[in-house]
Amino acid sequence: MKNIVTELLLISIFKNITEDSVISKYIKFLSLLNDSDDFEDIVKSYTSFICSLYKSERNQNLYYYMKKLIYTDENILSAGCGKCIQENKNIISSAEYELSVLNSLLENDYSDIKKIFVSKFANISDFIEHLPSFNINGAEKFNLEDILNSYSKNGYGIFACYTAFNYTGDKEIKPVKYFNPLKFSDLKNYEYQKEVIKKNTKAFLDGKPANNILLYGDRGCGKSSTVKALINEFSQDNLKIIQVYKESFMYLPELFEKLANLPLKFIIFADDISFSQEDKNFSSIKAILEGSLSNCPSNTVIYATTNRMHLVRESFSARQGDEIHYNDTIDETVSLSDRFGIVLTFSLLTKTEYLDIVSKIALDCCIEVTEDLNKKAEEFAALKSIRTPRTARQFIIDYMASK
């Protein structure tokens with residue numbers, strides 16, 4: 001077996017790969033297998049590698065594990081995969097060499113390793129037969145052109161692995177590991193609103209001018225679900241969503257700086273926003289939407305939801321305050337909603353609209369629509385004191401659970 005430890009010392013662009021817990025244990029094992037005659041050390045090293053691989057890769061396939069690492073790695077190629085990097089001959093030459101070294105890690109499969117064990121320790125070949133196995137099935141040579149194309153299309157790091165993220169008050173972008181948005185087919189009625197937001201998002205993905213959107217209306221009418229459904233609708237277009245909480249609005253310029261050079265499109269999602277008169281986050285988001293030196297980069301749009309048309313909680317005392325130019329104060333409170341290019345309204349349902357949605361959800365669930373079902377749906381809405389799509393869906397869940 002070729003001793004690749006010396007060559008691996010030269011790895012720099014793909015350094016994260018060799019320092020990964022699974023791969024570093026595999027490299028250590030190969031080194032021991034090649035240079036040592038201490039059977040116990042070699043076996044311990046091998047089983048340590050296998051244990052880590054089993055925990056990390058469902059199919060125990062080392063090739064697929066390495067492929068995911070390489071194709072999502074954050075390095076000089078992925079973080080700066082523009083033309084200037086790709087035309088740097090030194091970087092390209094080094095990357096090609098490093099990939100050839102990493103490819104050599106996959107030259108020996110489980111059967112080859114067993115043969116080396118047997119040749120070194122023939123007296124305990126029966127024991128060697130029970131070594132835990134791993135796979136490299138489907139292994140192809142890692143190709144720099146394919147990897148660069150993937151970086152350009154899919155991004156890198158967490159952005160290549162996940163669809164939804166949270167941007168927290170500590171300025172960290174954290175992935176949402178179990179994001180399962182509804183489809184638009186699951187959202188009943190409000191067809192105009194859905195069509196407008198889909199059309200705007202499609203323009204955004206096509207590189208055309210697109211508006212920031214404010215979705216306004218009562219609770220439970222599907223505002224947030226409509227935004228999240230976009231991810232499913234445009235999943236093939238590498239659309240990502242980052243939910244930003246109010247306390248993080250002042251850090252949006254830093255977020256935009258992180259996203260600006262990524263080859264992906266992002267919906268910056270602010271859910272259920274409203275402000276007090278003294279809220280410092282009010283001026284932060286207002287400046288971002290329009291009038292700031294740090295406007296949104298071209299690969300982001302802001303979609304926000306609110307129960308308040310003017311977003312700022314007003315009191316009568318504020319309207320009757322002692323400012324001489326009190327109209328300027330009122331203009332200030334409505335100026336934020338005016339800065340969204342599109343405002344979509346989600347109104348409460350009439351009885352007829354509510355029962356229509358109940359019927360559509362019932363049919364999706366193979367429930368027969370009857371007068372008795374409608375009566376029970378109305379009784380359920382009366383208990384909730386509101387007719388909304390959320391109420392309709394909750395009723396169907398309750399109805400199915402009672403059967």
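For N200 (side chain) and N211 (main-chain N/O), a donor-acceptor pair under 3.5 Å exists by modelled atom type. Under the 3.5 Å distance criterion, the side-chain polar atoms of T47 are matched with a main-chain donor or acceptor of K44.
Cation-pi check for K265 over F204 is met; the charged atom lies under 6.0 angstrom from the ring centroid and within 45 degrees of its normal. Note that K240 lies outside the cation-pi zone of F159, set by a 6.0 Å cut-off to the ring centre and a 45° limit from the axis.
With a 6.0 Å radius and a threshold of 12 heavy atoms from other residues, nucleotides or ligands, E19 has its CD atom above the threshold. A 6.0 Å sphere centred on NZ of K114 holds more than 12 heavy atoms belonging to other residues, nucleotides or ligands. Counting heavy atoms of neighbouring residues, nucleotides and ligands inside a 6.0 Å radius, atom NZ of K28 does not exceed 12 of them.
Closest approach of D37 and F121 over heavy atoms only: O-CE2, 3.5 Å. Minimum interatomic distance between C221 and S347 (heavy atoms only, all atoms of both residues): SG-O, 3.7 Å. The shortest heavy-atom contact between L99 and N143 is CD1-C, 4.2 Å. Here the closest non-hydrogen pair linking L239 and L230 is CD2-O, 3.9 Å. Of all heavy-atom pairs between Y216 and N307, the closest is CE1-O, 3.4 Å. Nearest heavy-atom pair across L355 and E378 is CD2-CG, 4.3 Å.
Donor-acceptor pairing under 3.5 Å is lacking for the side chains of T370 and D372. Y151 and D73 share no side-chain donor-acceptor pair at under 3.5 Å. Inspection of the Y71 and N154 side chains reveals no N or O donor paired with an N or O acceptor under 3.5 Å. Between the side chains of T388 and T391, at least one donor-acceptor pair of N or O atoms lies under 3.5 Å. Checking T305 against D271 by side-chain atom types alone, a donor-acceptor pair falls below 3.5 Å.
Between T163 atom OG1 and N238 atom CG the span is 8.5 Å, to the nearest 0.5 Å.
Comment: E98 does not engage K15 in a salt bridge, judged by the lack of any side-chain N to carboxylate O separation of less than 4.0 angstrom. Look at K258 and E254 and you find no salt bridge, because none of the NZ, NE, NH1 or NH2 atoms lies under 4.0 Å from a carboxylate O. Ion pair K360/D364 not flagged as a salt bridge, since none of the NZ, NE, NH1 or NH2 atoms sits closer than 4.0 Å to an Asp/Glu carboxylate oxygen.
Using cut-offs of 30° and 60° for the angle between ring planes, the F49 and F29 rings count as parallel. Note: F165 and Y162 have perpendicular aromatic rings, judged against thresholds of 30 and 60 degrees for the angle between ring planes.
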Please determine whether side chain to side chain donor-acceptor pair (under 3.5 Å) holds for the pair Y64 and N137, giving the CA-CA distance in whole Å, both sets of side-chain angles, and the decisive distance to 0.1 Å. CA-CA 9 Å; Y64 289 122; N137 299 339; over 6 Å; no

Side chain to side chain contact (heavy atoms under 4.5 Å, CB included) between I124 and F39, intermediate numbers included: CA-CA 10 Å; I124 50 174; F39 177 74; 3.3 Å; yes

Stepwise side chain to side chain contact (heavy atoms under 4.5 Å, CB included) check, K198 with F184: CA-CA 10 Å; K198 283 196 284 186; F184 274 109; 3.7 Å; yes

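The shortest side-chain heavy-atom distance between L30 and N108 does not fall under the 4.5 Å cut-off.
Applying the salt bridge (Lys or Arg N to Asp or Glu O under 4.0 Å) criterion to E191, with sequence neighbours excluded, gives K194.
Side-chain rings of Y63 and F142 approach one another, their centers coming within less than 6.0 Å.
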